[in-house]
Amino acid sequence: ASRIRGVVAGIPFEQFHKYSADIIKSAAFGKDEAGNVREELFFPSNNLTINNIDVQSIEPIDQNMQDSLSKSVQMAIEIATKSIEMSAQHEAKRTEQKAKGELERQKLQNEKEAELARKTLLELQAVASAVESTGQAKAEAQAQAEKLLIEGQS
């Protein structure tokens, strides 16, 4: 245990947090001449061979370190939560802006189509009015011609 504590004391927290099982195994079994972690630890006094370590939990002995670790983990969780919240808010705003843009584009498209329809209507009304006035003028001219023809015959 003291061998493991000695090795762990010299490692930065972030590195230990990421690679704790490997660091503990390396500290317990030691390293060979090539720098590789040994596969087993042999105690010749009682012929005990340890060939694996299962790390179930890691707790600091020092209460101040335990408090600092708990606070650090709590802060990391809060930071991650806030980051997720901010990301979700940003995505919601982006989606809202996109929807507003689409709505505005559709509104402008509808207004354009309405203006084109109104222009067509006005053109048709002008043609109808012209046909009506032309028809009325023709009818009046024909009536006048018939009147003059009748007057001329009498």
Side-chain angles (χ1 to χ4, degrees), residues 1-140:
S2 64
R3 184 179 355 178
I4 294 170
R5 272 188 236 124
V7 169
V8 169
I11 296 174
F13 174 75
E14 288 296 322
Q15 185 179 357
F16 179 75
H17 186 67
K18 287 182 181 177
Y19 307 108
S20 59
D22 293 336
I23 292 169
I24 292 170
K25 185 174 181 179
S26 174
F29 290 142
K31 294 185 177 183
D32 60 15
E33 296 78 27
N36 298 323
V37 178
R38 293 190 178 123
E39 294 296 318
E40 60 184 29
L41 179 61
F42 179 69
F43 295 94
S45 60
N46 58 2
N47 287 330
L48 174 66
T49 300
I50 299 174
N51 58 15
N52 196 4
I53 295 176
D54 183 20
V55 179
Q56 295 180 351
S57 69
I58 301 169
E59 294 182 17
I61 295 174
D62 183 14
Q63 186 60 40
N64 289 335
M65 181 60 76
Q66 176 68 29
D67 294 343
S68 294
L69 181 61
S70 294
K71 187 175 181 179
S72 175
V73 168
Q74 183 180 5
M75 286 175 58
I77 290 170
E78 288 176 8
I79 290 170
T81 302
K82 285 182 181 180
S83 173
I84 291 169
E85 287 175 359
M86 295 298 284
S87 178
Q89 286 177 353
H90 177 72
E91 184 63 25
K93 285 181 180 178
R94 189 184 71 77
T95 302
E96 180 182 0
Q97 288 295 323
K98 184 177 178 184
K100 282 182 180 179
E102 286 292 321
L103 183 62
E104 188 65 27
R105 188 186 65 75
Q106 187 62 45
K107 181 180 173 184
L108 291 173
Q109 181 67 27
N110 291 346
E111 288 176 0
K112 175 185 167 190
E113 290 172 2
E115 285 298 317
L116 287 173
R118 187 167 41 197
K119 176 185 169 199
T120 303
L121 174 65
L122 291 174
E123 287 173 353
L124 291 174
Q125 284 177 341
V127 168
S129 178
V131 167
E132 182 181 333
S133 65
T134 303
Q136 186 174 354
K138 182 178 177 184
E140 287 176 7

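For the single chain, residues carry numbers from 1 onward in sequence order.
Residues passing the side chain to side chain donor-acceptor pair (under 3.5 Å) test with Asp22: none are found, sequence neighbours excluded. Remark: Glu39 engages no residue in a side chain to side chain donor-acceptor pair (under 3.5 Å) (not counting sequence neighbours). Every residue two or more places apart in sequence or in another chain that forms a side chain to side chain contact (heavy atoms under 4.5 Å, CB included) with Thr49 is listed here: Glu40, Phe42. Looking at residues two or more places apart in sequence or on another chain, you find a side chain to side chain contact (heavy atoms under 4.5 Å, CB included) between Glu113 and Gln109, Asn110. Contacts of Gln15 classified as side chain to side chain donor-acceptor pair (under 3.5 Å), with partners at least two apart in sequence or in another chain: none. Scored by the side chain to side chain contact (heavy atoms under 4.5 Å, CB included) test, Glu91 finds Arg94, Thr95 as partners (sequence neighbours excluded). Under the side chain to side chain contact (heavy atoms under 4.5 Å, CB included) criterion, Glu123 pairs with Lys119, not counting sequence neighbours. Not a single salt bridge (Lys or Arg N to Asp or Glu O under 4.0 Å) links Lys138 to another residue, sequence neighbours left out.
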Name each donor-acceptor pair under 3.5 Å that joins a side chain in residues 68-86 to protein atoms two or more places apart or in another chain, with its distance.
| from | atom 1 | to | atom 2 | distance (Å) |
| --- | --- | --- | --- | --- |
| Ser68 | OG | Asn64 | O | 3.0 |
| Ser70 | OG | Gln66 | O | 3.1 |
| Thr81 | OG1 | Ile77 | O | 2.8 |

Please tabulate, for the side chains in residues 129-136, all donor-acceptor contacts under 3.5 angstrom to protein atoms that are two or more places apart in sequence or on a different chain.
| from | atom 1 | to | atom 2 | distance (Å) |
| --- | --- | --- | --- | --- |
| Ser133 | OG | Ser129 | O | 3.2 |
| Ser133 | OG | Ala130 | O | 3.1 |
| Thr134 | OG1 | Ala130 | O | 2.6 |
| Gln136 | NE2 | Glu140 | OE2 | 3.4 |

Sequence neighbours left out, cut at 3.5 Å: what donor-acceptor pairs do the side chains of residues 23-35 make with other protein atoms?
| from | atom 1 | to | atom 2 | distance (Å) |
| --- | --- | --- | --- | --- |
| Asp32 | OD1 | Ala34 | N | 3.1 |
| Asp32 | OD1 | Gly35 | N | 3.1 |
| Asp32 | OD1 | Asn36 | N | 2.9 |

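Comment: Arg105 engages Glu102 in a salt bridge, judged by a side-chain N to carboxylate O separation of less than 4.0 angstrom. Using a 4.0 Å cut-off between charged side-chain N and carboxylate O, Glu104 and Lys100 make no salt bridge.
Minimum heavy-atom separation, Asn46 to Phe43: OD1-O, 3.3 Å.
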